[in-house]
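Inspection log for the structure reproduced underneath, given as structure tokens.
Because the structure is predicted, anything quoted here is derived from the model rather than measured. Note that the numbering runs from 1 along the sequence shown for the chain.
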Amino acid sequence: MQIWVDADACPKVIRDILLRAAERTSTPLVLVANHALPVPASRQVRQLQVAKGFDVADNEIVQRLEPGDVLITADIPLAAEALDKGAEVLSPRGERFDKGTIRAKLTMRDFMDTLRASGVQTGGPPTLSQADRQAFANQLDRLLR
């Protein structure tokens with residue numbers, strides 16, 4: 001099992017939790033981003049820098065994912081593709097995506113995109129809270145056990 005991170009949009013506090021978990025459990029962690037990220041010297045952690053461009057990082061992750069890998073992302077379409085490949089998917093807020101709910105999430109995402117395109121101000125997600133961080137850490141521990 002490897003942990004893959006859609007690192008372009010992953011909050012630093014979540015990356016820090018992931019780095020500690022990778023070291024603690026000796027699980028390989030790959031941070032995929034279109035820019036350089038500070039990565040500590042570790043046998044468990046590496047960064048994969050991809051070219052800039054729409055969905056370049058997402059496509060690279062999907063191409064490399066294996067069944068049983070874990071993906072950390074808030075990107076719903078990427079989560080759906082990862083689930084189709086047999087990966088476990090966890091959002092930075094600690095929400096576990098699964099095949100039973102991902103289609104509804106895709107539909108809601110598309111609906112919100114349509115609203116925004118028509119000029120409706122939908123606002124963004126709330127700031128990552130301590131409860132979100134704790135939920136993420138708890139779900140990650142469950143996946144790594």
Side-chain angles (χ1 to χ4, degrees), residues 1-117 122-130 132-145:
M1 174 196 342
Q2 289 192 89
I3 304 169
W4 294 88
V5 182
D6 182 10
D8 284 321
C10 186
K12 183 182 181 321
V13 67
I14 298 302
R15 284 196 320 260
D16 291 344
I17 292 169
L18 287 161
L19 294 170
R20 288 191 302 273
E23 288 297 321
R24 185 180 77 247
T25 62
S26 298
T27 304
L29 172 68
V30 184
L31 303 165
V32 183
N34 62 21
H35 61 282
L37 294 170
V39 176
S42 167
R43 287 187 287 155
Q44 302 304 328
V45 181
R46 70 184 175 96
Q47 185 206 0
L48 177 61
Q49 187 172 347
V50 297
K52 292 186 188 296
F54 184 72
D55 283 346
V56 174
D58 297 358
N59 293 337
E60 190 69 28
I61 291 168
V62 169
Q63 180 182 354
R64 293 175 181 240
L65 270 175
E66 297 288 332
D69 283 351
V70 175
L71 172 62
I72 310 303
T73 187
D75 183 317
I76 304 298
L78 174 56
E81 287 186 78
L83 288 169
D84 286 344
K85 287 200 74 175
E88 297 286 342
V89 184
L90 181 61
S91 83
R93 294 184 183 274
E95 179 182 10
R96 232 168 132 176
F97 297 113
D98 63 52
K99 286 190 174 217
T101 60
I102 197 68
R103 297 296 163 222
K105 290 187 182 306
L106 280 167
T107 300
M108 180 57 75
R109 176 196 171 275
D110 292 345
F111 173 70
M112 297 303 283
D113 278 351
T114 301
L115 283 177
R116 285 188 289 276
T122 59
T127 304
L128 198 67
S129 69
Q130 182 59 38
D132 293 330
R133 289 179 218 147
Q134 188 62 52
F136 176 80
N138 290 341
Q139 285 289 357
L140 181 63
D141 280 345
R142 285 185 194 103
L143 285 172
L144 295 179
R145 272 192 248 138

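- Minimum interatomic distance between Ala7 and Leu37 (heavy atoms only, all atoms of both residues): CB-CD1, 3.5 Å.
- Scanning both residues, Cys10 and Ile14, for their nearest heavy atoms gives SG-CG2, 3.7 Å.
- Counting heavy atoms from C-beta on, the side chains of Arg133 and Leu128 come closer than 4.5 Å.
- Put simply, the side chain of Glu81 does not reach to within 4.5 Å of the side chain of Asp58, judged on heavy atoms.
- For the residue pair Arg93 and Ala135, the shortest heavy atom distance occurs at O-CB, 3.7 Å.
- Residue Ser91 comes nearest to Phe136 through the heavy atom pair O-CD1, 3.2 Å, listed as atom of the first residue, atom of the second, then distance.
- Looking at Asp141 and Arg24, a side-chain N of the basic residue comes within less than 4.0 Å of a carboxylate O on the acidic one, giving a salt bridge.
- Of all heavy-atom pairs between Pro28 and Met1, the closest is CD-O, 3.5 Å.
- Within the 4.5 Å cutoff, side-chain heavy atoms of Lys52 are placed close to those of Asn34.
- No side-chain donor-acceptor contact under 3.5 Å links Asp69 to the backbone of Ala87.
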Verdict with supporting geometry, Trp4 and Thr73, side-chain contact (heavy atoms from CB on, under 4.5 Å)
CA-CA 9 Å; Trp4 294 88; Thr73 187; over 6 Å; no
Starting from the C-alpha separation in whole Å, work towards a yes-or-no answer on side-chain contact (heavy atoms from CB on, under 4.5 Å) for Asp8 and His35.
CA-CA 8 Å; Asp8 284 321; His35 61 282; 3.1 Å; yes
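- Across all non-hydrogen atoms, the minimal contact from Lys99 to Leu83 is CE-O, 3.1 Å.
- No side-chain donor from either of Asp110 and Thr107 sits under 3.5 Å from a side-chain acceptor of the other.
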Checking Thr101 against Asp98 for the side chain to side chain donor-acceptor pair (under 3.5 Å) test, could you report, in this order, the C-alpha distance in whole Å, the side-chain angles of both residues, the deciding distance, and whether it holds?
CA-CA 6 Å; Thr101 60; Asp98 63 52; 3.3 Å; yes
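- Between the CG atom of Leu71 and the CG atom of Leu78 there is a distance of 5.0 Å, given to the nearest 0.5 Å.
- From Arg96, atom CZ reaches atom CG of Leu140 across 10.5 Å, with rounding to the nearest 0.5 Å.
- Counting only distance, with no hydrogens or angles, the side chain of Lys85 and the backbone of Val62 share a donor-acceptor pair below 3.5 Å.
- Between Gln63 and Asn59, the side chains place no donor N or O within less than 3.5 Å of an acceptor N or O (distance only, hydrogens not considered).
- Environment of CE in Met108: sparse, with no more than 12 heavy atoms of neighbouring residues, nucleotides or ligands closer than 6.0 Å.
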Mind running salt bridge (Lys or Arg N to Asp or Glu O under 4.0 Å) on Arg20 and Asp16 for me, showing each step along the way?
CA-CA 6 Å; Arg20 288 191 302 273; Asp16 291 344; 5.2 Å; no
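- How far CG of Leu29 is from CZ of Arg15: 10.5 Å, rounded to the nearest 0.5 Å.
- Of the residues Ile72, Ile3, Val5, the one that meets the side chain to side chain contact (heavy atoms under 4.5 Å, CB included) test with Leu31 is Val5.
- Residues Asp84 and Arg103 are paired through a salt bridge, judged by an N-O separation under 4.0 Å between the basic side chain and the carboxylate.
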